[in-house]
> 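First the structure, then my questions, so here it is.
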Amino acid sequence: MGFFNQRRDEDPGTEPVNAQGVPTAAEQRLAEITGGEFFTSTLDVEEFALLSLLGPAPVAQVMGASVHQVGWQYLPPSAQWGDEVYCPLTAVMQAWDDARRHAFLRLTEEAWTVQADAVVGVTLKRGEHDWARGSVDYVVSGTAIRDPKLVTAPGTPVLSDLSVQEYWKLACAGWAPAGLVATTSVFFIAQSIGTKWRRRASVASNQELTEYSRGFSEARKTAISMLRGQAERVGADGIVGVEFDHDVSRAKLDVAKFYGYQAGYQSGQSGYRSSSVSTTTLALGGQPSNQGRDSRSGIVVTIQAVGTAIRRQQRLEMPAPQAVMRMGMAV
Amino acid sequence: MSDPAYDAGSLTGVPDVARARLDQNKEGLFTSDLTVNEFLLITEAGFDPLGLVVGSSIFHIGLQVANPGKNQEMTVLSEAMYQARDLAMTRMEEEADDLGADGIVGVRLDIGRYDWGAHTAEFIAVGTAVRHHEGVLHRAPNGRPFTSDLSGQAFWTLLRTGHRPVGMVMGNCVYHVARRGPLRTIGQTGRNVELPNFTQALYSARELAMQRMQSEAKALGAKGIVGVDLQEKSHGWGNHTIEFFAIGTAIVATDTKTAITTPTTVLDLNDR
């Protein structure tokens, strides 16, 4: 690949970036803010008002982005025998992880430029762009704030997807955010050939699709255990507000052979994502069986989980709850 | 980016029908799109609604051909999208100025497209003009009525924190994302790699939009910006051309130092 590597420095970009990939424009924008005379924020007015009570002033709106290409993905050699398959698609998971890690790193870098202690209201946007097929992308943005009470290692602002209201409530109850945890787990599930034909014969009866049930729960479990690992690494006591998001698509993957390359990761025309799968399709075993065992048809389950890891700190004075009845209409 | 000149008292962009409507409002009848709660809170904050104000501009967006292999800003398109929005906002401000308003709350900025005009778009700004009861001037330092996309509730809360809106600030950037060259694509086939040119295109375009919004706020002498909304849209320019648009409300500190009371936790007796 040496020949191609030589050409890689031909960058079509016009805007200069620094070593972490943060554009110079961002550094300039943030440098204007660092003085403390001026701020920008994505906070709504209620959050802004509450933040002034907490003490820290809003500092700046910060952002990070990364687009990542998914490498070749094969099924393990054991998949060629026509048995049930559920395996993690490690190359795809790796791509999601890398994209997210880069985006978080740049967000943290921007937040550190303005000497923030924390970033609240971080939103993760997973993008789909026609111009980057077969790739995954993340854009994360939030508001960097200063909170003198928050204990952080220098250079590492604490990220969280909490609103200021939630941040405040947690602070009152004696909790502080420890970091944003996010994982992606991608699993491939295929029925065995025998099951597929048995299901076709008994399509009129109600039955559990056990391999799919197992595959889905496996994917979810993987996502959760990775979340837990991340939370432990930041020294958290718990995770709040975890949101799961899942996406199911049909795919045909090649089985890895010991004697060299077959074709790469493919799922029809549309690259990595494709249309959702109906329950009838699942019951019938995905697409019609393929003749050779070089590839397997099945479904790809992508589970995205995001939450905020929190840890105990000193409890603040919290007044007893007061009963109210709203006079306005319920929304 | 150009800033259309604004003369106090000018009604250049306002049609005759609108002038008649504004005259009705001046006689004492107010119109508004406020909800009951918003109306009560705005009144409580010391303001009277004067009338709905509208600004509109139908704009022909020019053409610009991008170099397929280059990440670049499409300056012609960026300027068109900015100027059109600015014209709509200025016309709305002129209507508010004619009513003798201090400012406009609840501004919505929309883009409409019609079958009858390719490459044209209507930019519409709608809001409710308000004036302070006791004649305390709340205009922006440049003499324009303030604009804000805050709801009545948010407006009330903001005043209670000792701040007031001075104007909506915006920045945009239409950006062309380069295609990957064939050699590059082959070189990256099958590998798990970051695609730096795509990353950079997305990132830089957003940063440019945010930076422009920030300089507008600075020019207004604002202390900060709240409620920034960052949108990403492709207005029919094909896959590779995207507009990033950032809009928020710039605020300044007022003399009144009324901090909000510490919130109490409440137990809601309603079912929902």
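Predicted model only: the values in this text are computed from it and were never measured. Atom set for the values below is all heavy atoms of this structure, side chains included, hydrogens, waters and symmetry mates excluded. In what follows, chains are A, B, ... by sequence order, proteins preceding strands, each numbered from 1.
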> Is there side-chain contact between A:V45 and B:F155, with heavy atoms separated by less than 4.5 Å?
no
> Give the member of B:S215, B:G224, B:A217 that has the highest number of heavy-atom pairs under 4.5 Å with chain A.
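The candidate making the most pairs under 4.5 Å is B:G224.
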> Would a 4.5 Å heavy-atom cut-off, applied to side chains only, mark B:L195 and A:S135 as touching?
yes
> Do A:D137 and B:L202 touch side chain to side chain, with heavy atoms closer than 4.5 Å?
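A side-chain contact under 4.5 Å exists here.
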> Is there a side-chain contact between A:F48 and B:L158, using heavy atoms and a 4.5 Å cut-off?
yes
> Evaluate the side-chain proximity of B:T199 to A:R106: yes if any heavy-atom separation is below 4.5 Å, no if none is.
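Side-chain contact under 4.5 Å: yes.
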> Quick one: are A:Q69 and B:E194 in side-chain contact, heavy atoms under 4.5 Å?
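No, every pair of side-chain atoms sits at 4.5 Å or beyond.
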> Only counting residues at least two apart or in another chain, list the ones meeting side-chain hydrogen bond (donor to acceptor under 3.5 Å, both in side chains) with B:D102.
none
> Look at A:A103, A:S141, A:A99, A:A65 and state which one has the largest set of heavy-atom pairs under 4.5 Å with chain B.
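Option with the top pair count is A:A65.
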> Can you tell me how far the CG atom of A:D44 sits from the CG atom of B:D149, to the nearest 0.5 Å?
11.0 Å
> Do B:V226 and A:E47 come close enough that some side-chain heavy atom pair is under 4.5 Å?
no
> So which heavy atom on B:Y203 is nearest to which on A:M63, and how close?
OH-O, 2.9 Å
> At a heavy-atom separation under 4.5 Å, does B:M210 approach chain A through its side chain, its backbone, both, or neither?
both
> I want to check a possible cation-pi pair here: B:K218 against A:F38, using under 6.0 Å from ring centre and within 45° of the ring axis as the test.
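Flagged: B:K218 positioned over aromatic ring of A:F38.
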> B:T157 side chain to A:A49 main-chain N or O, any donor-acceptor pair under 3.5 Å?
no
> Does any heavy atom of chain B fall under 4.5 Å from the side chain of A:E110, the backbone, both, or neither of them?
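For A:E110, the side chain is the part near chain B, not the backbone.
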> With a 4.5 angstrom heavy-atom cut-off, is it the side chain or the backbone of A:A91 that approaches chain B, or both, or neither?
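Both parts, heavy atoms under 4.5 Å.
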> With heavy-atom distances below 4.5 Å as the criterion, would you say the side chains of B:Q214 and A:Q61 are in contact?
no
> Calculate, to the nearest 0.5 Å, the distance between atoms CG and CD belonging to A:L30 and B:Q211 respectively.
9.5 Å
